[in-house]
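Following: one structure in structure tokens, then a few remarks.
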Amino acid sequence: MFLEKKLQQVLSQSLKELFDSEVDEESIKLQPTRKEFEGTHTFVTFPYLKFSGKSPEQTGQLIGEYLKDRTGLIENYNVVKGFLNLQISQKTWLELFQFIYESEDYGFSPPNGEEVMVEYSSPNTNKPLHLGHLRNNFLGYSVSRILEANGCKVHKVQIINDRGIHISKSMVAWQKFGKGETPDSTGIKGDKLVGKYYVKFDKQHKQEVATLTDKGVSLEKAQREAPIMLDAQEMLRKWEEKDQQVYQLWKTMNSWVYHGFNKTYVQMGVVFDKLYYESDTYLLGKEEVLKGLKKETFFKKEDGSVWVDLTDKGLDRKILLRSDGTSVYMTQDIGTAILRFKDFPKIKNLIYTVGNEQEYHFKVLFLILQKLGFSWAQECYHLSYGMVDLPSGKMKSREGTVVDADDLMKEMIDTAEEHTKELGKIETLTEGQAKDLYVILGLGALKFFLLKVDAKKRMLFDPQASIDFHGDTGPFVQYTFARISALLRRAEEMEVNSNTLTFNVILHPTEVEVLSLLNEFPNKVKLAAEEYNPSIIAQYVYDLAKSYNRFYAEVPVLSQSDHDMLNFKITFSRVVAQTISKAMGLLGIKVPKQM
RNA sequence: GGUUCCGUAGCUCAAUUGGAUAGAGCAACUGCCUUCUAAGCAGUAGGUUCCGCGUUCGAGUCGCGGCGGAAUCACCA
């Protein structure tokens, strides 16, 4: 950013003086120079030929010459076809470093007064969290952090789908087969216990359906009218009537689940500022739909069901209330959205982190909110992410191919422990510190793996082979941080005076490369926020670490005899470590001082 | 069938939003620990960017037509 501004300025100036053309500084685009050419920044001359009236090469030559002679910014240049490659002068690089070093919070913006809400995690209370939730949560959490880094105040919220037929199913099965089991009595985590009964329901249901179809009942009818299914529906009715016993059971079982979820969230390292429950919002949604019906925004069918007609927007008709008056998914979401803007009237943006399978749903939801006359409907955004596939294909709870969140995290942590012990570099850590380290590394690997891929894209996760601790991974970046930390510890022992920085030094090419990346950091943070895209940060921090490692391998730091050089390289390393730590923080990943 | 998204090295992913000879990691192979952490560094090999046509100085990227895959189109959530 620092460099771009200066370059844009002098380029605009040169265009004016050389060709007498007014070009807005902001509109001048620079791109990184391909590494087979000399230089770091490239200016493409093609768009400006109309001003110069000369060939691409000549235009490049003229501008390059001007910059070299008239400004101290570049020390050399070369022209290949229409590409003007600029080599920034040492002096400029050092100015840049000084600027970064002295910046209060380099790359991050101070509060700008904007308020946004990010929803991530929308679990059902009938089964445990799985790999899909991990991508969802890491993504939403990271996007929140990135928005915060850009100065926004972020409300991190969760919507808990705590009502409906699915939880009734678990409740019925627990009543029938549970024999009073509780998380305490069994030692099973609450969400797992409830999930167990959800599976039990499914099993029982299948059996009953089979019995019925054997008697000649059609499959569809059998599925609908199997005794246990009727029980579940009855239970849902009783719940809506607030039947004491059912309500109590519902509260109890949900509390088990929340307790279990919380453990999982703590391990994941994600937090929420506020929780929304669908049981609190579905009635509000219903009210709004009835209001809309009065105003004839919606219409009623003969059987009493309420619909919205979106055919004028190229979409379909969509049901909002069933013929028996009960609400559907959409009804709840209408209520939730309204409640949120009531709770936080100042929010500029409501971001839903939800899988791309629900794109249609959100398109419809936002249109309905618009029809209801809420101006803020424009501010709702569906942050849609792709599904996580397994080598065996899609995850399906019924077929037992779901990767459980707790299991996966534990596996990652165990692998990290194994790896660390093999390398044997942490004898000085206490047992507690070592345990913490395994969590940092295991989760770092997992988060980085899930976040480095563009969120919009469907991705493949191979539990056996996908998670590596080498190469383009979380631990690689963490390692770079730990390495620099070790270096800095040593430097401290040497008592190097780093208070006075005199930049009377000669830069190594690898240092220029790193500086060029450090210069990019603010851009990346901004871009990641604009696109709600953490993968930009993940790719960036990998490049930075990679590039620093090259420097580390080629340039000795502590054995520098010249004081200024020594001092510079230590400070330089510290700035890189700080930037790595900040970038990883945006991904929700911690970095260890030793590993 | 309609709509939307996707197709890049053996595998997993990039490619600065239309820029130069399409880049990383993994897997394979070759070097580098008596000097700051080798979870590292350097190197070799690997490509008709699914196919075809078009748009222009320039296409993995934009348009059209195919082929292949996914999601969605519920009185499920």
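Letters go in sequence order (proteins before strands), and every chain restarts at 1.
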Just to confirm, is there a sub-4.0 Å distance from OP1 or OP2 of [N] to any side-chain nitrogen or oxygen of [X]?
X: A:Arg550; N: B:rA42; result: yes
X: A:Asn549; N: B:rC41; result: yes
X: A:Arg34; N: B:rA15; result: no

A:Glu225, CD atom: more than 12 neighbouring heavy atoms under 6.0 Å:
yes
Set of side chain to side chain donor-acceptor pair (under 3.5 Å) partners for [X], sequence neighbours left out:
X: A:Arg135; answer: none
X: A:Asp231; answer: A:Lys176
X: A:Gln578; answer: none
X: A:Arg490; answer: none

Relative to its sugar, using the 90° cut-off around 0, the base of B:rC33 is syn
Using atom [atom1] of [X] as one end and atom [atom2] of [N] as the other, report the distance to the nearest whole Å.
X: A:Arg483; N: B:rC33; atom1: CZ; atom2: P; result: 15 Å
X: A:Phe448; N: B:rA24; atom1: CZ; atom2: P; result: 16 Å
X: A:Tyr552; N: B:rC33; atom1: OH; atom2: P; result: 16 Å
X: A:His382; N: B:rU72; atom1: NE2; atom2: P; result: 12 Å

Of A:Tyr385, A:Tyr381, A:Tyr352, A:Tyr120, which is the lone residue that meets ring-ring contact (aromatic ring centres under 6.0 Å, His included) with A:Tyr532?
A:Tyr381
Centroid distance below 5.5 Å plus an interplanar angle below 30 degrees: do A:Phe37 and B:rA20 meet both conditions?
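Yes, aromatic ring over the base.
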Going by 5.5 Å between centroids and 30° between planes, is there a stack of A:Phe83 over B:rA20?
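According to the criterion (under 5.5 Å, under 30°), yes, A:Phe83 stacks.
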Using salt bridge (charged side-chain N to carboxylate O under 4.0 Å, His left out) as the criterion, list what pairs up with [X], not counting sequence neighbours.
X: A:Asp324; answer: none
X: A:Glu119; answer: A:Arg340
X: A:Glu234; answer: A:Arg237
X: A:Glu411; answer: none

At a cut-off of 3.5 Å, list every protein nitrogen or oxygen paired with a nitrogen or oxygen from nucleotides 68-71 of chain B, distance to 0.1 Å.
| unit_1 | atom_1 | unit_2 | atom_2 | d |
| --- | --- | --- | --- | --- |
| B:rA70 | O2' | A:Arg458 | NH1 | 2.6 |

Please work out which residues in residues 509-516 of chain A have a non-hydrogen atom less than 4.0 Å from an atom of RNA chain B and list them by number.
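Going residue by residue through residues 509-516 of chain A, none turns out to have a heavy atom under 4.0 Å of RNA chain B.
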With the threshold set at under 4.0 Å for non-hydrogen atoms, list the residues of residues 536-548 of chain A touching RNA chain B in residue-number order.
A:Gln539, A:Tyr542, A:Lys546
Is any side-chain heavy atom of A:Asp333 closer than 4.5 Å to a side-chain heavy atom of A:His361?
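Yes - at least one pair of side-chain heavy atoms lies under 4.5 Å apart.
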Restricting both atoms to N or O, compile the protein contacts to nucleotides 26-30 of chain B shorter than 3.5 Å, with distance only.
none

Centroid-centroid under 6.0 Å between A:Phe476 and A:Phe448 rings
no
